[in-house]
Amino acid sequence: MCNENEARMTNFIQEIIENDIASGRVKEIHTRFPPEPNGYLHIGHAKAICIDFLMAKQNGGICNLRFDDTNPSKEDTEYVDAIMEDIRWLGFDWDDRMFYASNYFDKCYAFAVKLIKDGKAYVEDLSAEEVRAYRGTLTEPGKDSPYRNRSIAENLDLFEKMKDGQFADGQKILRAKIDMASPNFNLRDPAIYRILRANHHRTGDKWCIYPMYDYAHPIGDALEDISHSLCTLEFEDHRPLYDWVLEAIGFENPPHQYEFARLNLTYTLTSKRKLLELVENGVVSGWDDPRMPTLSGLRRLGYTPTAIIDFVKMIGVSKAYSVVDLALLEHCLRDELNKTAKRHMVVLEPLKVVIDNYPDGQEEIFDVNISPLEDKPVNIKRPFSKVIYIEKSDFMENPAHKYFRLKPQGEVRLINAYFITCQEIIKDETGEVIEVHCTYDPQTRGGSTPPDGRKVKGTIHWVSAQHAVDVDVRLYENLFTTPDPNAASEGGDYMDNLNPNSLTHIIAKAEPALLDMQAGENCQFVRMGYFCLDAKDSTVEKPIFNRTVTLKDTWKKINEG
RNA sequence: UGGGAUGUAGCCAAGUUGGUAAGGCACCAGACUUUGACUCUGGCAUUUCGUAGGUUCGAGUCCUGCCAUCCCAGCCA
């Protein structure tokens with residue numbers, strides 16, 4: 001299923017959409033993605049973005065982008081820009097339909113006045129603590145506020161004074177008059193406007209009162225002619241209020257809200273608050289640190305939009321609480337990269353190998369296709385010479401059972417080059433093998449089977465020592481060591497589960513052609529994994545590669561149990 | 001102990017009017033292999049669909065009870 005970007009999403013929402021079209025409730029499918037600009041988008045948002053944009057698209061509809069900026073104390077333009085960049089990166093387009101909830105502040109205010117005139121809203125004088133006390137508990141109904149039945153005239157006057165800044169922050173709120181005895185707290189006369197003197201990133205100091213999400217959101221949806229307002233499960237309880245607002249204001253053909261389960265991933269945190277803490281505490285280098293599950297972090301790590309979209313399509317959409325295995329996301333990534341990434345030879349942990357019977361000073365250039373699965377080959381020149389580097393892990397003096405890489409007297413194939421046989425080992429004073437001497441078989445040029453039909457089990461990668469270039473490589477692992485980062489012992493928290501090895505810097509030996517890569521481009525370091533030329537810290541003088549994901553490694557699994 | 005939701009394999013998830021449990025990931029076995037990768041083949045819920053009953057010739061699908069988990073008492077979204 002991977003990489004079938006045209007695959008339709010079939011889920012309960014699609015079913016609802018089809019029924020709505022069949023019944024005539026809606027003519028055009030119109031959704032919206034409504035991020036709050038108070039943090040960076042992460043993989044969980046990617047699910048919502050895909051659902052919002054894709055459900056509309058596959059039904060011939062459109063999707064708006066709308067920033068939910070009703071709380072100026074938390075929101076900022078920095079986030080607006082980052083969010084747009086991330087959505088575009090995923091490949092979605094909102095054309096000219098970029099909106100802000102703040103675009104509708106005037107209308108929200110006018111509708112609030114209407115609500116007051118209709119006796120459906122009132123100004124509350126009780127303090128926040130008092131309001132809380134009056135709200136009741138899970139098992140007890142709330143009590144009506146003594147201010148609940150003020151006259152319409154008084155409410156109108158007070159609300160205008162709220163707007164005009166005649167009260168202090170928090171001194172009054174505007175409440176919807178619904179039902180203090182409702183078992184659903186959201187209907188116990190919810191606040192719909194609060195006084196808040198904060199500079200708004202869009203409206204500046206024009207307002208000192210701001211509408212609450214529950215009030216502004218349905219209005220924004222209705223004004224934009226949204227047909228299906230899709231959100232996550234925690235808003236299920238808010239739906240009756242969503243409907244109440246639209247009904248009270250009197251919108252015809254109001255939008256409907258539907259909820260789906262948010263994405264949880266093993267080894268991953270998807271709480272904006274906690275991600276912010278990682279950034280502020282310097283646990284990571286920023287929102288775009290390659291270990292972050294943010295879209296900007298994943299992008300730097302080397303994830304592709306295709307992999308993420310395939311993933312979202314594969315996990316489906318349902319209402320059941322779920323935690324998806326990170327392995328599925330990685331599967332989608334590998335599936336995509338396997339098809340598209342160029343193959344380069346890079347030795348991460350070099351071990352020097354001297355080919356004794358190869359002529360001193362001789363040099364050969366192998367012309368090889370490094371894009372084996374693409375339609376059009378991409379060829380590079382790969383130099384070979386007497387001294388090469390191989391991976392330390394590709395040699396074992398005392399080989400494990402079924403180890404078929406290089407070992408004493410053993411023969412292996414150097415990819416695209418020659419068969420070599422180990423003849424001699426050189427160790428340092430501590431006993432560590434620091435050099436291996438081999439002989440090569442000239443009849444295996446290109447790595448081909450010799451005339452005698454001799455086969456070899458192991459095939460390893462290599463880099464010519466005299467041609468090798470040093471490159472910085474950052475080996476990334478999961479940020480957390482436990483599938484559930486939040487699972488901690490008494491008094492502990494997710495910080496206790498940080499992986500001390502989430503980032504390892506090394507200097508690797510690479511073939512010269514690796515330097516031809518573009519910033520942000522993916523490639524495979526043959527047999528080692530997929531890597532990406534870092535788009536931020538890398539320079540021409542000092543290229544830096546990030547390990548996106550390792551290759552699946554059956555041997556490691558066998559060897560380490 | 002109020003309300004809202006959800007419970008199908010280790011993890012996601014199909015399962016449209018009841019008719020005899022899709023698919024993917026992971027895992028296991030094997031084939032292939034100039035990446036122990038990829039690819040391919042086979043296996044992987046059969047006293048079973050949270051559970052206990054009931055209706056029915058027949059129930060994951062209908063009815064009743066129970067259990068578990070998640071969300072809700074922001075002037076956050």
Side-chain angles (χ1 to χ4, degrees), chain A residues 1-2 10-11 15 34-36 38 68 70-71 73-75 124 126-128 131-133 135-142 169-175 182-188 190-196 210 212-214 216-217 231-240 259 261 263 266 272 311 313-332 334-335 338-339 343 345 368 372-373 402-405 413-417 419 444 446-449 456-461 483 524-529 550-559:
Chain A
M1 261 305 201
C2 263
T10 55
N11 52 56
E15 222 165 285
E36 181 185 13
N38 69 341
D68 232 322
T70 56
N71 187 352
S73 65
K74 292 185 175 179
E75 298 147 7
E124 175 64 86
L126 255 27
S127 68
V131 166
R132 192 179 313 126
R135 191 151 32 222
T137 67
L138 291 177
T139 51
E140 300 160 26
D169 285 12
Q171 193 178 143
K172 295 187 192 307
I173 53 172
L174 183 71
R175 292 231 254 175
S182 172
N184 182 342
F185 281 100
N186 296 300
L187 298 182
R188 316 247 263 226
I192 58 178
Y193 260 99
R194 78 284 216 181
I195 303 172
L196 191 60
Y210 292 94
M212 302 289 291
Y213 164 88
D214 282 317
H217 200 81
C231 62
T232 45
L233 250 29
E234 62 268 31
F235 292 101
E236 233 161 0
D237 288 341
H238 296 241
R239 194 184 339 126
E259 312 84 14
L263 170 67
T266 56
K272 269 195 207 173
F311 170 71
K313 287 182 173 180
M314 263 199 277
I315 59 176
V317 183
S318 76
K319 299 186 66 139
Y321 174 87
S322 64
V323 182
V324 178
D325 195 335
L326 215 212
L328 181 56
L329 212 211
E330 294 183 337
H331 162 78
C332 293
R334 291 191 182 104
D335 193 58
N338 176 49
K339 294 171 190 160
R343 313 289 139 116
M345 300 269 241
V368 296
L373 268 39
K402 284 202 153 182
Y403 180 84
F404 44 78
R405 276 112 92 154
R413 168 189 289 115
L414 294 177
I415 295 180
N416 294 135
F419 282 15
T444 57
S448 59
T449 302
V456 96
K457 275 290 248 186
T459 298
I460 65 176
H461 58 104
Q524 182 191 125
F525 286 3
V526 176
R527 297 206 310 131
M528 302 312 286
T550 59
L551 254 35
K552 288 219 284 186
D553 193 343
T554 306
W555 167 248
K556 186 179 177 187
K557 208 156 53 186
I558 296 170
N559 201 35

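This one's a predicted model, so the numbers in the text were calculated from it and none came from an experiment. Values below: every heavy atom of this structure, side chains too, minus hydrogens, waters and symmetry copies. All chains are named by letter (A, B, ...) in the order of the sequence lines, taking the proteins before the strands, and each is independently numbered beginning at 1.
- Base contact: Val526(A) has a heavy atom under 4.0 Å from a base atom.
- The separation of G58(B) from G19(B), taken at their P atoms, amounts to 15 Å, rounded to a whole angstrom.
- Listed nucleotides: U34(B), G36(B), C75(B). Nearest to the side chain of Trp555(A): G36(B).
- Under 3.5 Å, the side chain of Asp237(A) and the base of G3(B) form at least one donor-acceptor pair of N or O atoms.
- Note on Tyr403(A): a base of the nucleic acid sits closer than 4.0 angstrom, heavy atoms only.
- Of the candidate nucleotides C11(B), A73(B), C75(B), C75(B) has the atom nearest to the side chain of Ala191(A).
- If you check every strand for non-hydrogen atoms under 4.0 Å, Phe235(A) touches a base.
- If you check every strand for non-hydrogen atoms under 4.0 Å, Ser448(A) touches a base.
- At a threshold of 4.0 angstrom between heavy atoms, the contacts of Thr10(A) with the nucleic acid are absent.
- Side-chain N/O atoms of Lys457(A) include none lying less than 4.0 angstrom from OP1 or OP2 on U34(B).
- Residue contacts for Gln524(A): at a heavy-atom cut-off of 4.0 Å it reaches a base atom on one of the strands shown.
- Position along RNA chain B of the nearest nucleotide to Leu328(A) versus Glu236(A) favours Glu236(A) as the more 5'-ward residue.
- Among the atoms of the strands shown, only primed sugar atoms or phosphate atoms (P, OP1, OP2) are found under 4.0 Å from some heavy atom of Ile315(A).
- Among the protein residues, Lys272(A) comes within range of no part of the nucleic acid, since none of its heavy atoms lies under 4.0 Å from any strand.
- When the C1' atom is used for both U56(B) and C63(B), the distance is 12 Å, rounded to whole Å.
- The aromatic rings of His238(A) and Tyr213(A) lie perpendicular to each other, with more than 60° between the two planes, well past the 30° mark.
- Rounded to a whole Å, the CE atom of Met528(A) is 11 Å from the P atom of G36(B).
- The only member of Arg135(A), Arg194(A), Arg175(A) that meets salt bridge (Lys or Arg N to Asp or Glu O under 4.0 Å) when paired with Glu124(A) is Arg175(A).
- Nucleic acid contact for Val456(A): none, since no nucleic acid atom lies under 4.0 Å from a heavy atom of the residue.
- The side chain of Ser318(A) contributes an N or O atom lying less than 4.0 Å from OP1 or OP2 of A13(B).
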Given the rule in the side-chain contact (heavy atoms from CB on, under 4.5 Å) test, do Met314(A) and Val324(A) qualify, once you have shown the distances and angles that lead to the verdict? CA-CA 11 Å; Met314(A) 263 199 277; Val324(A) 178; over 6 Å; no
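- With C38(B), G2(B), A77(B) as the candidates, the nucleotide lying closest to the side chain of Arg194(A) is A77(B).
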Under the side-chain contact (heavy atoms from CB on, under 4.5 Å) criterion, do Leu138(A) and Phe185(A) qualify, and how do the steps go? CA-CA 8 Å; Leu138(A) 291 177; Phe185(A) 281 100; 3.3 Å; yes
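- Donor-acceptor pairing under 3.5 Å, judged by distance alone, is absent between the side chain of His461(A) and the base of A37(B).
- Looking at which nucleotide of RNA chain B each of Ser322(A) and Glu15(A) is closest to, the 5′-most match is held by Ser322(A).
- Note on Ala327(A): only backbone sugar-phosphate atoms sit closer than 4.0 angstrom, heavy atoms only; bases stay farther off.
- Under 4.0 angstrom from either OP1 or OP2 of G36(B) there lies no side-chain N or O belonging to Lys556(A).
- At a threshold of 4.0 angstrom between heavy atoms, the contacts of Arg413(A) include nucleobase atoms, whether or not backbone atoms are also involved.
- Of the candidate nucleotides A77(B), A13(B), C27(B), A77(B) has the atom nearest to the side chain of His238(A).
- Among the protein residues, Asn416(A) comes within range of the nucleic acid bases, having at least one heavy atom under 4.0 Å from a base atom.
- Side-chain N/O atoms of Arg527(A) include none lying less than 4.0 angstrom from OP1 or OP2 on C38(B).
- Side-chain proximity of Thr459(A) to C28(B), U34(B), G3(B): nearest is U34(B).
- Neither OP1 nor OP2 of C72(B) sits under 4.0 Å from any side-chain N or O of Arg188(A).
- Among the heavy atoms of the strands, none lies under 4.0 Å from Arg239(A).
- For Tyr213(A) and A77(B), the ring-to-base geometry does not satisfy the stacking test (centroid distance below 5.5 Å, interplanar angle below 30°).
- At least one side-chain nitrogen or oxygen of Lys552(A) sits closer than 4.0 Å to the OP1 or OP2 atom of A26(B).
- Nucleotides G15(B) and G50(B) have their P atoms positioned 16 Å apart, rounded to a whole Å.
- Residue Gly446(A) is in base contact, counting any heavy-atom pair closer than 4.0 Å across all strands shown.
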